[in-house]
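Written below as structure tokens is the structure these notes are about.
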Amino acid sequence: MDKNFDPKKEKEIYEKWLKKGYFQPFEYGKSFSMVLPPPNITGILHMGHALNATIYDITARFKRMQGYSVLLLPGSDHASISTEAKVVEAIKPKSKKDIGREAFLKRAWEWKEEYGNIITNQFKTLGLSADWSRERFTLDDGLSELVEKVFISFYKKGHIYRGEKLINWCTHCKTTISDAEVVHSENKGKLWHFEYKIKESEETIKIATTRPETILGDVAVAVNPEDERYKHLIGKTVIIPIVNREVKIIEDSYVDKDFGTGAVKITPAHDFNDNELAARHELEQINIMNDDGSINGIHPEFENLDRYEARVKIIKILEELGQFVKEEDIENSIGTHDRCNTVVEPLNKLQWFVKMDKLAAPALDAYESKLIEFIPSRYGKTYAHWLENIKDWCISRQLWWGHRIPAYTCECGHISIIASKDEKVCEECGGDELTQDEDVLDTWFSSAFWPFSTLDFPNGRDFFRFFPTETLITGYDIIFFWVVRMVFSSISETGKVPFNKVIINGLIRDEQGRKFSKSLGNGVDPVEVVKEYGADALRITLIMGSALGSDQRFSLSKVETSRNFLNKIWNAARFVKMKEPEEVQLKCYFPSDRWLISKLNKIINEVTENMEKYEFGLALETLYGFIWEDYCDYYIEMSKITIDGTNASLNVLVLRDVLFELLKLMHPFAPFITEEIRNSFGKKSLVVSEFPLFNKQLDFLDYSVEEKKIEIIKVGIKAIRNLRAELNVPNSQKIKLILVTEDPEYFKDCIQYFSLANVKETVINGNFNEDSVSVRIDKAIIYLEDLFDKEKEIERLRKEVENLENEVERAASKLSNEGFINKAKPYLIQEERLKLSKYEEALKNAKERLQLLWH
RNA sequence: GGACGAUUAGCUCAGUUGGGAGAGCGCCUGCCUUACAAGCAGGAUGUCGGGGGUUCAAGUCCCUCAUUGUCCACCA
């Protein structure tokens with residue numbers, strides 16, 4: 001074995017796994033399935049993906065080793081709007097319209113072939129044990145067919161309708177977007193106050209607005225009915241400036257008296273609130289805007305003028321008219337498109353919608369009846385809250401790349417919903433002159449079926465075997481986009497929830513706690529990290545020391561820590577390899593062996609329990625401590641002593657077997673290095689090995705006695721080392737120990753281990769010099785025969801006495817507390833009593849010795 | 001405006017039913033000890049954000065305040 005593990009080997013190892021087909025589920029057995037969130041084909045791997053994939057893979061490998069037939073299904077998403085934007089960019093200077101739909105889609109597929117696999121391949125470098133033979137793409141024939149089927153099914157069930165409503169429009173992407181795609185952010189804006197004239201009156205009414213350009217579309221002015229200032233004006237007619245439209249002053253409790261002037265201009269075609277208010281008052285709607293955000297022909301002076309230029313112009317005109325009052329600074333929230341950051345414009349459009357009320361109810365029930373569990377549980381509230389307030393989902397997009405809506409308009413005007421493979425005839429008149437709807441569906445519409453579309457619902461074998469899936473792992477930012485929609489779609493179509501558990505992973509931030517972002521340029525490329533430190537190091541970095549669902553900071557120094565840990569394991573293996581014995585059947589252990597085996601057994605239990613709860617961070621921390629401190633720093637060092645004895649080969653067996661168990665425990669976290677080590681011992685792959693099992697019976701044997709004993713010895717070793725450092729005794733100077741105890745048998749077989757503290761000889765209950773420095777451990781006092789320093793010893797004893805007195809006092813007061821005696825659990829009281837007597841004994845001894853040394 | 005987090009060693013963070021505060025990094029001291037200097041040994045540092053409460057017992061449960069973050073929301 002080389003001195004260090006070379007991460008370059010990871011690729012080779014991964015390919016071997018693929019070749020062996022290890023990532024495909026077993027033919028039989030209890031199944032455990034998960035679908036991976038399909039990344040956008042436009043995406044490249046970022047740390048968030050890496051974290052998510054790591055959690056998935058740890059789960060999959062763990063379950064596979066437990067004997068489940070594990071399916072981890074990968075795939076990618078066509079990412080309608082993102083991909084379309086890339087292709088639009090690529091065909092420039094030509095436009096979509098220039099080349100036409102067919103040619104455009106051809107280009108898009110070419111783009112997908114060229115770039116679509118980048119992210120998939122990046123997932124492989126992380127060691128993801130996904131079944132690539134089942135890889136899917138949301139625009140694959142089978143999946144596309146299902147999208148149509150579900151659309152038709154939804155339509156028939158009344159979940160889908162077409163209607164003209166105010167929707168979010170992106171003037172840059174020239175398409176509708178859903179509420180979930182609009183990000184609201186606080187913004188410094190202006191609030192302009194204008195004066196509107198009242199017809200046949202000298203009076204005016206002042207209104208305030210952040211969007212003066214929408215004056216062109218005003219259809220009313222609203223005031224609060226309780227507002228004394230305006231009560232007398234209700235019902236009067238005002239004249240909208242510039243357009244000189246005559247509209248009424250109306251009352252509505254929606255209006256906030258204390259905001260602005262207390263009077264609001266109403267523009268129902270360009271504002272959601274105004275729209276609702278207008279509906280209540282049956283006001284007309286006046287559209288003033290083109291699809292690109294410019295003003296339409298509503299007023300010749302503004303035609304084709306951009307909305308922001310129009311705003312400036314209108315303010316200027318009103319100033320000239322003397323109807324401008326003032327402008328003030330204001331904090332308000334504006335909505336932008338999450339993909340392009342363009343300010344979203346509410347516009348009236350004829351679109352397709354998913355009606356949410358009937359779909360949302362069972363999805364909410366599933367959560368409330370605990371069919372779906374969120375981990376951490378607080379995210380369940382986020383899910384429920386969204387469902388409780390959900391609005392209809394606008395699913396049509398004015399794009400070409402995606403699933404085209406299977407709606408066909410006949411010459412007779414009737415719209416038929418027909419799957420593309422079926423014969424296209426109008427359901428109403430039987431005519432065959434049908435035109436298909438130009439729009440495609442929201443990407444998330446097809447993603448919503450991912451857990452069953454990928455398993456060939458409704459008749460596929462995989463569907464029966466692997467649906468519902470077990471666990472979904474995702475970031476909290478995507479609960480609305482994806483989790484909610486998968487649940488209601490799945491319940492509607494399959495009658496089942498798509499998964500039982502939703503694990504929410506946190507965000508990865510930079511060293512200063514900022515989000516990774518392109519504009520900050522603070523991103524760290526996981527692929528680069530993998531290249532330099534290896535996938536294992538990255539995986540461990542992302543898992544260790546972080547709690548589920550909470551954000552974490554990423555830094556290369558953390559990766560180094562992980563790499564060092566892996567290196568530690570590697571080198572421990574090198575040591576084992578060096579000592580590797582002939583096969584020996586007989587089992588006869590030293591105390592250190594029993595200690596290690598007993599402790600390992602407990603660790604197996606602890607790790608397994610935490611892994612079952614998806615508490616991978618805790619499981620890994622347990623392993624880290626056990627491997628580094630117990631196995632390497634103590635056991636290996638102890639084995640160097642025992643291996644020199646007569647039963648060397650027996651001892652090595654434990655050394656090696658425990659390593660093998662540790663490799664298995666570590667394999668889900670660090671699959672490559674563990675596999676490589678195991679390989680070098682000529683053993684079969686860890687991927688198909690069994691995860692270590694907790695052995696309950698060990699508890700009944702005397703292993704725990706040995707475990708306790710070595711722990712006592714460890715305390716002694718540490719104390720001796722400490723004293724040596726304090727007294728400046730160089731390592732080269734070996735010392736002799738006298739161990740004074742009432743139970744010589746107990747210590748007989750383990751005094752050899754004191755050589756870890758550079759002790760050359762230990763004698764039990766021999767004569768010792770009263771001036772020797774001493775160390776107290778459980779059941780014994782150790783005198784360091786060759787070290788005399790009366791002053792230091794007295795000083796040390798004084799400290800000890802002081803400490804012990806405190807301990808005795810603490811324990812005694814606790815035990816004299818009636819409440820404690822009456823209410824604490826019995827074993828705790830027992831423990832406390834034991835401690836007290838131990839401390840009292842030790843205190844007595846220390847005092848006696850102090851007395852002795854004074855003379 | 002609402003909801004949900006966070007506040008623990010200099011830094012990054014663990015801490016799973018309440019029962020004597022932990023790790024990694026950094027820092028100081030001494031070691032090239034034949035698996036590992038990506039290492040070994042030793043050491044220092046905490047009013048667990050403030051205040052109140054429940055309890056025999058609170059980092060852990062409840063209330064409140066402060067600072068901070070995220071998400072949701074129709075204030076023009």
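Each chain gets a letter, A, B and so on, in the order its sequence line appears, and its residues count up from 1.
Applying the 3.5 Å distance criterion, the base of G43(B) shares no donor-acceptor pair with the side chain of Glu726(A). Under 3.5 Å, the side chain of Tyr624(A) and the base of G22(B) form no donor-acceptor pair of N or O atoms. No hydrogens or angles were tested; on distance alone, a donor-acceptor pair under 3.5 Å links the side chain of Glu637(A) to the base of A35(B). Between the base of A41(B) and the side chain of Arg721(A) there is no donor-acceptor pair shorter than 3.5 Å. No N or O donor and acceptor, one from the side chain of Lys825(A) and one from the base of G19(B), sit under 3.5 Å apart.
Rounding to whole angstrom units, CZ of residue Phe565(A) and P of G39(B) are separated by 12 Å. In this structure, the CH2 atom of Trp570(A) is 17 Å from the P atom of G39(B), given to the nearest Å. At whole-Å resolution of the value, CD1 in Ile508(A) and P in U70(B) are 16 Å apart. U70(B) atom C1' lies 9 Å from atom CG of Leu507(A), rounded to whole Å. A14(B) atom C1' lies 16 Å from atom CD1 of Ile540(A), rounded to whole Å. Between the C1' atom of C13(B) and the CD atom of Glu621(A) lies a distance of 9 Å, rounded to the nearest Å. As a whole-Å value, the separation of Leu727(A) CG from A41(B) C1' is 15 Å. Rounded to a whole Å, the CZ atom of Phe5(A) is 18 Å from the P atom of A38(B).
Here, U33(B) and G39(B) have their P atoms 16 Å apart, quoted to the whole Å. For the P atoms, the distance linking U55(B) with G18(B) amounts to 16 Å, nearest Å. Separating the P atom of A9(B) from that of C13(B) is a span of 12 Å, rounded to the nearest Å. Comparing the C1' positions of G15(B) and C48(B) gives an interatomic distance of 11 Å, to the nearest angstrom. As rounded to the nearest Å, G10(B) and C27(B) have C1' atoms that lie 9 Å from one another. A distance of about 24 Å separates the C1' atoms of A76(B) and C71(B), rounded to the whole Å. For U7(B) and G50(B), the C1' atoms lie 11 Å apart once the distance is rounded to whole Å. Taking atom P on both G22(B) and A66(B), the two are 34 Å apart, rounded to the nearest angstrom.
The side chain of Arg553(A) lies closest to U12(B) when the candidates are U12(B), U16(B), G19(B). Of the candidates U12(B), A76(B), C71(B), the closest approach to any side-chain atom of Phe480(A) belongs to C71(B). Checking G43(B), A35(B), A38(B) against every side-chain atom of Arg563(A), the shortest atom distance belongs to A38(B). The listed nucleotides are A35(B), A37(B), G15(B); the one nearest the side chain of Lys3(A) is A37(B). Of the candidates A35(B), A14(B), C75(B), the closest approach to any side-chain atom of Asp256(A) belongs to C75(B). When the nucleotides A38(B), A76(B), A35(B) are ranked by their closest atom to the side chain of Asn4(A), A38(B) comes out on top. The side chain of Tyr254(A) has C75(B) as its nearest neighbour among C75(B), G19(B), G39(B). Of the listed nucleotides (C74(B), G24(B), U33(B)), U33(B) has the atom at the smallest distance from the side chain of Asn731(A). Nearest to the side chain of Trp386(A), among A14(B), C72(B), A76(B), sits C72(B). Nearest nucleotide to the Arg509(A) side chain, out of G15(B), G20(B), U70(B): U70(B).
Regarding contacts with the backbone of A73(B), every side-chain N or O of Lys391(A) stays at 4.0 angstrom or more from both OP1 and OP2. Contact check, Arg810(A) against G20(B): no side-chain N or O comes under 4.0 Å of OP1 or OP2. In this model, the phosphate group of G43(B) is approached by a side-chain N or O of Asn722(A) to a distance below 4.0 Å at OP1 or OP2. At the phosphate of G69(B), neither OP1 nor OP2 sits under 4.0 Å from any side-chain N or O atom of Lys515(A). Residue Lys640(A) has a polar side-chain atom (N or O) positioned under 4.0 Å from OP1 or OP2 of A35(B). For the pair Arg378(A) and G5(B), the criterion of a side-chain N or O lying under 4.0 Å from OP1 or OP2 is not met. Proximity of Asn564(A) to the phosphate of G39(B): a side-chain N or O atom is located under 4.0 Å from OP1 or OP2. Taking only side-chain nitrogens and oxygens, Ser557(A) never comes nearer than 4.0 Å to OP1 or OP2 of C11(B). Between Lys381(A) and C72(B) there is no side-chain N or O to OP1 or OP2 distance below 4.0 Å.
Using a 4.5 Å heavy-atom cutoff, the side chains of Ile479(A) and Val502(A) are not in contact.
Residue whose closest nucleotide on RNA chain B sits further toward the 5' end, between Gln552(A) and Ala573(A): Gln552(A). In terms of position along RNA chain B, the nucleotide closest to Asn728(A) lies nearer the 5' end than the nucleotide closest to the other residue of the pair Asn728(A) and Lys265(A).
Between the side chains of Gln285(A) and Asn348(A), at least one donor N or O sits under 3.5 Å from an acceptor N or O. Neither side chain, Ser837(A) nor Glu840(A), offers a donor N or O lying under 3.5 Å from an acceptor on the other. Inspection of the Asn389(A) and His385(A) side chains reveals an N or O donor paired with an N or O acceptor under 3.5 Å. Between the side chains of Asn505(A) and Tyr614(A), no donor-acceptor pair is found at a separation under 3.5 Å.
A distance-only check finds no donor-acceptor pair linking the side chain of Lys165(A) to the backbone of Cys394(A) [under 3.5 Å].
Pairing partner, G69(B): C4(B), with both Watson-Crick or wobble hydrogen-bond distances short of 3.5 Å. Of the nucleotides present, G24(B) is the one that pairs with C11(B) by Watson-Crick or G-U wobble criteria, both distances under 3.5 Å.
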Handout entry: Test side-chain contact (heavy atoms from CB on, under 4.5 Å) applied to Phe626(A) and Leu596(A), step by step
Key = CA-CA 10 Å; Phe626(A) 181 73; Leu596(A) 184 73; 3.8 Å; yes

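Electrostatic pairing of Lys799(A) and Glu802(A) does not count as a salt bridge here, judged by no charged N lying under 4.0 Å from a carboxylate O. For the pair Glu345(A) and Arg307(A), the salt-bridge criterion is met [side-chain N within less than 4.0 Å of a carboxylate O].
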